[in-house]
Structure formats: structure tokens, C-alpha cells
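Following: one structure in C-alpha cells, then a few remarks.
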Amino acid sequence: MASLPLLSLIVFLPAAGAAVLMLLRSDDAVRWTALGVTVLDFALCLAMLAGFDTTTHELQFTEARPWVPALGITYALGVDGISALFVFLTGLLGWICVLASWVAIDRKVKEFMISLLAMQALMLGVFCALNLFLFYVCWEAMLIPMYVIIGVWGGDGRVYAAFKFFLYTLVGSLLFLIGIIVLYLHGGTFDILVLTQQHLPFRVQSWLFFAFLIAFAVKVPMVPVHTWLPDAHVQAPTAGSIILAAVLLKMGAYGFLRFSLPMLPAASAHYSTLMLTLSALAIVYGGLLALAQDDLKKLVAYSSISHMGLVTLGIFALNRRGLEGGILQMFNHGVTTGALFLFVGLIYERTHTRSIADYGGLMKAAPVYTTFLALFTLSSMALPGTNSFVGELLVLTGGFAANLAVGAAAVLGALLGAAYLLGMYRKVALGPASVSARFKIRDVNARELAAILPLAVLVLWVGLYPKPFLGIIDASVKHLLAQVYAEGRGQ
Amino acid sequence: MTPAALSQSILASLPEIVVVGGACILLILGQFVRKGQGALLVCGSVAIVLIAALATLMLAGEGRPAYAGMFIADRFAVFFKVLFYLTTVLTFLLSRKYAEIEEIESSEYYVLLLFALSGMMIMASATDLISIYVGLELMVLCTYVLTGFLRRERRSNEAALKYVILGAVSTGIFLYGASLVYGLTGTTQLDGMAAAATGDRLDPGLLLAVVFIVAGLVFKVGAVPFHMWVPDVYEGAPTTITAFMSVGPKAAGFAVILRVFLNPLVAASHAWVIVAVIAVVTMALGSFVALVQDNFKRLLAYSSIAHAGFALFGVVAGSADGISGVMLYLLIYTFMNLGIFGIVIMMRNGDFSGEVIEDYAGFAKSHRALALLMLLYLFSLAGIPPTAGFFAKFYVLVALVERGFVTLAVIAVLLSAVAAYFYIRIVMVIYMREPDGAFDPVLTPAVRATLALTAAATIGIGLFPAWFLKLAHLSAMAAGR
């Protein structure tokens with residue numbers, strides 16, 4: 001196994017695919033090649049999971065090559081339980097995104113698919129990187145394809161949204177860059193593993209914590225730096241929204257898990273109350289905003305802010321249940337919200353309106369569509385039996401253990417979630433069919449179903465039998481907590 | 001000077017002699033070249049530069065002092081000379097068709113560029129205030145003339161006049177500083193100046209002299225407060241000359257600044273505080289004023305001011321890392337900036353100037369490959385990885401933080417976010433707007449070659465910086481002695 005650079009294959013396959021696409025002429029050839037590449041990439045991700053040893057927190061499938069030796073920069077890849085889960089998620093959503101843009105993107109198909117594949121390669125790079133420099137390069141380079149995806153194929157306000165997205169994340173990331181350099185000068189290397197083992201003075205940790213916080217908070221996004229998200233989501237094409245919600249937002253939380261907690265344990269513990277408060281704020285505020293939306297996409301976008309608040313709450317509860325719940329909830333949010341954006345995109349393709357008021361009684365016209373929509377709506381509400389229930393329950397128990405008030409706020413957020421999601425479903429799917437009758441709505445076709453089904457399976461699988469998923473992250477979570485507590489709470 | 005020392009000196013300055021001699025020959029032979037045979041001139045000029053490059057590389061092994069300590073051929077100089085050769089050759093390649101369209105096809109154009117090149121080469125090798133001055137003047141006199149080369153255009157004349165007057169003032173300031181140094185220490189050699197700095201308290205007169213010298217040099221790189229000429233001169237000059245000036249003479253200015261700043265006298269005078277202030281203000285001014293520009297050449301002028309500011313941060317950092325940071329920055333900047341100027345030059349055809357940003361609306365629709373190249377250069381200028389521009393900035397930042405200047409690093413980083421805004425704005429115009437008219441870019445093989453080389457370097461150095469970093473580091477060590 002060691003001889004085959006599996007992770008490099010996973011990361012570079014989409015990049016190679018993008019290069020091949022440049023040579024193709026017909027749009028259909030482009031679509032099929034993109035699909036083939038992403039499916040193959042997903043198969044590799046599955047192979048990685050199949051060979052993954054869940055009993056250890058050690059990094060697996062590691063590979064390292066010198067890159068810029070003078071600065072201790074290596075090309076180093078590897079996955080632990082946490083990153084393996086997200087590599088899997090990214091691999092899965094890769095081909096779902098291709099399917100979601102099959103007919104929705106009808107101009108400059110080639111450029112779009114190239115951007116999509118480039119994005120895929122960079123996201124996988126972020127999750128696999130074991131070198132801070134490599135991590136940063138992938139993290140920052142993602143801005144280019146995403147900017148182009150939103151700005152070229154987005155809605156009417158796309159230019160503004162793309163700008164806002166770019167500048168927000170750029171400013172955040174640049175401070176992160178300084179933080180990385182400071183870490184490098186303290187540790188003499190960019191190697192993430194080595195850096196997690198050093199003990200920085202608390203003052204340095206504090207500064208770094210806030211430098212990192214700005215970068216990660218923008219990506220999550222946490223209140224008050226969340227305002228780019230609704231704009232970007234609403235304007236982005238469906239595949240862009242799916243990537244944003246399902247993977248890009250995870251980057252911030254992943255950053256907390258990969259850098260803030262293990263490298264700055266004392267500061268993470270010290271500022272956990274602040275982080276919990278911000279998370280609670282995001283949960284309630286995002287929920288309230290979602291309640292007020294009439295635009296389907298905006299509603300899902302604001303619900304993302306609320307749900308990601310739950311994730312950061314779980315992480316900064318700094319106990320095992322909270323952390324496991326937070327990580328599982330990241331995964332769940334990727335599946336569920338990715339699916340919801342897909343559904344918004346499907347209906348938008350048919351009707352060209354996203355206003356909830358324009359719909360009603362879709363149940364009659366598109367029974368399959370509305371059935372699956374119900375499943376994902378219920379999943380987003382964290383109904384028992386669905387994936388989010390497991391995650392949310394863990395986060396709530398962890399949250400209550402950490403701080404009673406924050407736990408209460410999270411429950412309030414869950415209530416709000418039920419309100420806006422049920423309201424949305426009622427207005428869209430139920431009620432008199434007269435309103436939406438003026439649209440000729442087809443039900444989902446086989447291609448669309450192929451994109452929906454795996455997500456639906458995951459919703460139920462995690463909901464009914466979460467053990468394999470928790471099993472993947474279990475050892476890593478324990479190790480992470482040990483790292484935090486070895487130094488953290490003591491100070 | 002003994003014959004042996006003379007032959008040593010001639011050997012050390014062989015590349016300069018080749019360029020100057022070649023330029024003289026070209027000046028005479030150029031009179032016999034008829035209109036429409038510009039290719040001959042280009043080939044001749046490129047050949048001269050290549051011979052000089054060969055000589056430079058053959059002499060690159062060891063440091064050779066020459067002309068009684070006024071001149072040195074060391075690795076530091078070699079690095080810069082190679083950079084100048086690249087700039088000049090790429091400018092030649094870009095010039096041919098452009099010169100034809102603008103009707104400035106005469107051999108003097110190429111001869112002046114060669115003389116400017118020799119001036120820059122002397123600057124890179126100079127170890128005496130007088131030889132620095134000689135190189136400097138040789139270079140700027142040629143660029144004055146080249147700026148005004150579009151004789152029938154008013155703004156070209158105006159730019160040249162402005163450049164001459166302001167340039168003369170700055171030269172005067174520099175000379176005044178040099179004369180003060182001579183008066184106080186009895187020498188103009190950088191080594192000699194170093195000896196004068198051994199006392200524990202610095203003579204206020206010497207401090208004043210250093211400030212004057214720094215001011216004179218800062219003018220050449222277009223840093224605040226001596227930046228006023230940059231936008232007008234860049235806009236007025238023929239675009240090929242703008243491309244040349246934005247890279248070559250600027251790098252030459254930095255070569256001298258680095259050499260002077262390595263001097264213990266300057267180090268003892270705490271001039272770095274001044275430079276730090278200049279760097280911050282330069283970058284801020286360049287970035288913010290560029291936000292409101294509609295003319296592409298003016299925007300690039302302000303962008304080059306901002307980039308000079310960023311490179312100055314490397315000078316502030318000082319250490320070997322800082323110096324090699326600046327050198328790497330300049331090398332990378334050469335490629336990406338010549339790339340973007342190559343595109344502007346290529347757009348000049350018929351009634352189309354390619355100078356207004358609006359001209360590029362919908363460029364991506366009609367010319368996908370060229371638009372993609374522009375995207376690459378612009379993101380590199382903005383410093384987004386994995387392009388080379390990112391690594392250039394990264395290494396300067398490492399040097400800054402290493403010296404403990406974290407606040408400066410944060411300022412530099414935030415200002416580069418501002419700068420990113422206007423580069424991204426151009427990307428937006430290219431990709432997200434509908435085209436107004438048809439484009440017919442002039443894509444001669446020479447222009448294609450230039451764009452291909454600059455693009456390859458912009459990606460290549462970004463992905464594999466290790467070798468270039470080592471090169472810059474070794475060259476910086478040579479100057480540090």
C-alpha cells in the first residue's frame with residue numbers, strides 16, 4: 001500500500017482531468033469526461049476509506065517529498081480520521097456537482113468544468129495537506145476557481161457577490177498567513193505534525209489564535225463576518241452553492257480542528273467561552289434570519305449559518321461528545337445542505353423563480369421531488385432517524401456539559417430550525433396546487449435521481465447506524481482532546 | 001594602473017564592454033537598415049545581449065573587483081545582470097510589431113535600449129558612488145529619450161519633459177549626498193564609507209548625506225515621496241518602454257539600494273526606519289490610488305509603485321533573507337509584469353489602444369487563451385498562490401517576521417489585499433462583461449514567445465521556487481561579503 005501514492009492520485013486526478021478538458025471541443029465530451037474523472041476520484045476515495053485503519057489516530061497514507069528545502073517546506077500528504085471523512089465527502093460531492101450542472105450550465109461548459117475540477121483538486125489538497133505551506137497554497141488558491149464560478153456563471157448580482165466573497169476570505173487568509181509564518185519561525189518548520197508537538201508561550205498562542213480565528217471565522221462563517229455567505233450562495237450556480245455549503249464552509253471548522261486546537265491548546269481552552277458565545281449567537285441569529293426569508297436559496301443559506309454555529313459550538317465545547325458531534329455535524333451539514341441546494345437548483349431550473357411565494361402544491365406535480373425534499377428538510381431539522389439528529393444530540397449534550405446557557409441557545413436554534421424548515425416545506429410542497437400550476441413542472445429524471453440518491457442513503461445511514469462514521473473519527477477525536485488537555489485546561 | 005590590473009578590469013567588465021561596443025556598431029550599421037527590415041535590428045540587438053550574457057555567465061564563478069575598487073563583478077551583480085538581459089530581450093521581442101504600428105521603427109530605439117542596459121549593468125556592479133552615478137545617468141538619459149519617442153504625441157513629449165526635470169533634480173540630490181560623503185570621509189567608495197562608520201556616534205553630517213543618497217535612489221524605484229513622475233511617464237511613454245521601465249531600471253535601482261544598504265555606514269545610521277516609513281506609505285498610496293484608475297497603463301504604474309513598496313519591505317528586513325527576498329521578488333515581478341504589459345502591447349492595433357480597462361470587456365469571450373493568461377498574470381500580481389507572485393511576497397514576509405517586524409508584515413499583507421481588489425476588478429471586466437467591439441490582437445511569433453516564457457515562469461517559479469530561492473540566496477550572500 002505504501003508504494004502507491006494514493007492521496008496524491010486522489011488530489012491530482014481532478015487536476016489532470018482539468019488539463020484534459022482543455023483539449024476537448026464538444027460540450028458533451030466535456031461533461032462526460034468530467035463525470036468520469038470525478039467518479040473515478042470518488043472510487044479512489046472509497047478505496048482510501050476501505051484501507052483506513054480506524055483503530056489509530058496516527059496519520060495514514062502519508063507521503064512526503066522535499067519541495068522548498070531551504071524553508072522546511074515539504075509536499076506532505078496524509079489523513080487521519082477527521083480528514084478522511086471530509087476527503088470522502090469532497091469526493092462524493094465532486095460528481096454530484098457535475099451532475100447538478102449537466103444542463104444548468106449551458107454556456108462555457110468547458111471553462112466551468114475546468115473550474116469545478118480545479119476546485120475539487122484544491123479542496124482535497126486542503127484536507128490531505130500535512131504541511132502548513134501546502135495547506136495555505138491550496139486554501140488560498142481555491143479563491144480563484146470559486147471567484148470565477150460565482151462571477152461568471154452566477155445570477156444577476158454575481159459580480160458584487162464574487163467580489164465580496166473574494167475580499168472577505170482574502171483578508172482573513174492573509175492574517176492567517178502571518179500566523180503561519182510566526183508559527184514557522186517558532187518551530188523552524190512548516191510540518192504540521194512537528195508544530196502540534198511544540199509548546200508555545202500563552203501570549204504567542206493568544207495572538208496566533210486570533211489571527212487564525214479571523215481566517216477560519218470568515219470561512220465558517222461565524223457572525224459577524226457571515227455577510228458574504230448569503231450573497232455568494234444566492235448568486236452562485238447550483239454546483240457552486242453545493243461546493244460552498246458542503247465543503248468550503250467546512251474548511252474553517254477543519255482549520256480549528258487541525259490548527260487551533262492542537263497547536264494552540266491553551267489559547268483554545270482559554271477563549272472557548274468566547275467561541276461558544278459566538279457560536280450560540282450564530283445559531284440563534286442565523287435561525288431568525290432564515291425565518292424571515294422568502295427566497296428559497298437565502299433561507300437555506302441562512303440556515304447554514306445557524307447549523308455551522310452548531311458545529312463550532314460542538315468543537316469548542318472541548319469534550320468528546322461535543323467534538324464528535326461537531327465533526328459529524330460538519331459531515332451531515334455537507335450532505336443535507338448540499339442536497340437542499342441541489343433541490344433549490346432543480347426547481348429553479350424548471351421555474352426560474354426562487355421565491356417561496358411562487359410555489360405551492362408541488363406534491364401533485366412532482367411527487368418524487370417532494371418526497372425527497374421532505375427527507376432532507378426533516379434531516380435539516382434533525383428529526384430522529386436522520387443524520388443530523390445524531391450529530392445534534394451529541395453537540396447538545398456536549399454543549400450542555402460545557403455551558404448551560406449556550407446549550408439552551410442551541411436548543412432555541414433547533415426550535416427555530418423546525419419553524420422555518422416546516423414553514424418552507426408547507427409553502428412549497430403542500431397546499432393548493434393552483435399557485436405553481438402555471439409552471440410546467442417535470443418530476444426528477446434519472447440523472448437527477450442519481451445525484452440525489454447517494455445523499456438520501458447517507459442521511460438514513462448516518463441517522464440509523466452512525467457507528468461506522470463515528471468509528472472513523474473516534475480515535476482522532478480522542479487524540480485531539482488529549483492534545484488539548486495535556487496543556488489546555490491546566491493554564 | 002598596471003597592465004595586469006587593467007586586463008583584469010577589462011575582463012571583469014567584459015559584458016559591459018560587449019553591450020556598449022555592440023550598441024555603437026548597431027548605431028552605425030542601423031543607418032543602412034531600410035524601413036520594414038526591423039527584424040534585422042531585433043536580431044542584432046538580441047545577439048549582442050546574448051553574447052554579453054554568455055560573458056557574464058562565464059565570469060560568474062568568482063568575485064572580481066576592478067577599476068581600483070569602483071566596480072565589481074560578483075554573483076550579486078550577475079543575478080541582476082541576468083535579470084536585465086531577460087528584461088531587455090523580452091522588450092526587444094515585444095517591440096518589433098509595436099514599433100511598426102506606432103511608426104517608431106528606427107535603429108536608435110534599439111541602440112538606446114542597449115545603452116540603457118549597459119547603464120543598468122554598471123549600476124549592478126558599481127561599488128563607488130561615482131560609478132553608481134555614471135551607471136545611473138547612462139540609464140536614465142536613455143530612458144528620457146525613449147519616453148519621448150512618440151514624437152507626434154503630446155503626452156509622450158510631456159512625459160519625457162516631466163521625467164527629465166524631475167530626474168535631474170533627483171540626480172542632483174544624489175550627487176549632493178555623494179559630495180557630502182566625500183567631504184566628510186574623503187572617499188566615495190562604499191568600502192571606504194564603511195570604515196568611516198566605525199565610530200560609535202554617527203556624524204549628523206553623514207546622516208544627512210545618507211538621507212540625500214537614499215532620496216536620490218528612491219526616486220528611481222518610484223517610491224513615495226518621489227513617485228509623482230511614475231503615472232504620467234508610464235502613461236505617456238510607448239508601452240514597450242513602459243514595460244521596460246517598470247522592470248529593468250527599477251531593478252537596477254534596487255540593486256544599488258541593496259548595495260548601499262549593506263554598507264555599515266547606512267546600517268549604523270538607522271536609515272531603515274526611514275525606509276520602513278517609505279515602504280508603508282508607498283504601498284498604501286500605490287494601492288489606494290490604483291483603485292480609481294480607468295487607464296490600464298496608469299493602473300499598472302500605481303501597481304508598480306505598490307510593488308516597489310512591498311520590495312522595500314525586504315530592504316527593511318535587511319538580513320540575507322531580506323535581500324534575497326527582494327531579489328527573488330524583482331525576478332518574479334519581471335516575469336509577471338512583462339507578461340501583463342505584453343498583453344497590453346499586443347492589444348495595440350489599428351484604432352485600438354488597449355490602454356483603457358474598458359477595452360478588455362468580454363475579452364474572455366473572444367480570446368479564451370489570452371484571457372486565461374491575463375488571469376494568471378493578474379492573480380500573480382495580486383499574490384494569490386500557487387502563482388509566483390505569492391511566493392515572492394511570502395518570502396519577503398518571512399524575512400520581515402524573522403526580524404520581529406510583525407506589525408509591518410500585517411500592514412504589508414492588508415495593503416496587498418487592497419491591491420488585490422483592483423487586479424480582481426480587471427479579471428471581472430475580462431470575464432464578466434459583454435464585449436463592446438471586436439479585438440484583433442497582434443500576435444506575432446515573438447510576442448507569443450514572450451507571453452509563453454513569462455507565463456511558464458509565473459507558474460514555474462510559483463510551483464518550484466526552491467532553485468530560484470537558492471540562486472537568490474547565494475547571490476545575496478556574495479554581496480553581503
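These numbers come from the heavy atoms of this one structure, side chains and all, not from hydrogens, waters or symmetry mates. This is a predicted model, so every value here is computed, not measured. Each chain gets a letter, A, B and so on, in the order the sequences are listed, and its residues count up from 1.
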query = Any idea which heavy atoms bring A/W67 and B/G462 closest together, and the distance?
reply = CZ2-O, 4.5 Å
request  = Give the minimum heavy-atom separation between A/A232 and A/F165, together with the two atoms involved.
outcome  = CB-CB, 4.4 Å
In terms of heavy-atom proximity below 4.5 Å to chain A, should [X] be classed as side chain, backbone, both, or neither?
X      : answer
B/F379 : side chain
B/F394 : both
B/R433 : neither
B/I424 : both
B/Y431 : both

task = Could you tell me which of B/H473, B/E402, B/R368 has the largest number of non-hydrogen atom pairs under 4.5 Å with chain A?
result = B/R368
Answer with side chain, backbone, both or neither: which region of [X] has an atom nearer than 4.5 Å to a non-hydrogen atom of chain B?
X      : result
A/R107 : neither
A/L122 : neither
A/Y147 : both
A/Y136 : both
A/I73  : side chain
A/L175 : both

Name of the residue among [options] meeting ring-ring contact (aromatic ring centres under 6.0 Å, His included) with [X]:
X      : options                        : value
B/Y329 : B/F468, B/F335, B/F313, B/F310 : B/F310
A/F259 : A/F135, A/F209, A/F190         : A/F135
B/F296 : B/Y360, B/Y302, B/F422         : B/Y360

query = Between atom CD1 of B/I340 and atom OG of B/S380, what is the distance when rounded to the nearest 0.5 Å?
reply = 10.0 Å
task = Can you label the angle between the B/H307 ring and the B/Y423 ring as parallel, tilted or perpendicular, going by 30° and 60°?
result = tilted
inquiry  = With heavy-atom distances below 4.5 Å as the criterion, would you say the side chains of B/L443 and B/V447 are in contact?
reply    = yes
note = With chain B, the option among A/V182, A/I180, A/V171, A/V159 that has the most non-hydrogen atom pairs under 4.5 Å is A/V159
Steps toward side chain to side chain donor-acceptor pair (under 3.5 Å) verdict (B/D321, B/Y395) = CA-CA 8 Å; B/D321 275 352; B/Y395 198 51; 2.9 Å; yes
